[in-house]
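Remarks on the structure that follows.
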Amino acid sequence: MSAEPVITDSDVHDDGSVGCWCCDTRDVPDRMVHLGNHPEVHLCLRCAHFVHQQAWQIEDEGRGGPAAFARDRFRNLRAEVMRRGWHQNRFIGGRLRWLGKYLP
Ligand SMILES: [Zn+2]
């Protein structure tokens, strides 16, 4: 992913920001992840982290061992927290979202 981002005029908004191709969040191009063979694709950091987690999950599907098992448990725990809406709780939501950045 060392290619320089290709930013066309149609990608850039009036304030110089570009939109994420996944969620349409706007940010400056330097704060976006660009795909190696398609540098015109912009992903916001949040979506890039999500894609990374999805790739890790796919890789783990065929693996055994304690590390893959632990990551699977953390994924299930995250899903349960989100299902219950605890990540939006005014008291513990911020801490849970912060913690979620560092878990698989
Ligand atoms: Zn996004």
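Atoms within each ligand, like the ligands themselves, are counted from 1 in listed order. Source: prediction; values computed, not measured.
Cys23 and Cys44 get closest at one heavy-atom pair: SG-SG, 3.7 Å. Minimum interatomic distance between Ile92 and Trp86 (heavy atoms only, all atoms of both residues): CG1-O, 4.1 Å.
With His42 contributing its side chain and Glu40 its backbone, the two residues share a donor-acceptor pair below 3.5 Å.
Residues satisfying the side-chain hydrogen bond (donor to acceptor under 3.5 Å, both in side chains) test with Arg71, not counting sequence neighbours, are Asp60. A search for salt bridge (Lys or Arg N to Asp or Glu O under 4.0 Å) contacts involving Arg26 returns nothing, not counting sequence neighbours.
Excluding waters, the set of protein N, O or S atoms lying under 2.8 Å from the Zn ion (ligand 1) comprises Cys20 SG, Cys23 SG, Cys44 SG, Cys47 SG.
Every pair tested for side chain to side chain donor-acceptor pair (under 3.5 Å) that includes a residue from residues 91-104 fails, sequence neighbours excluded, so the list is empty.
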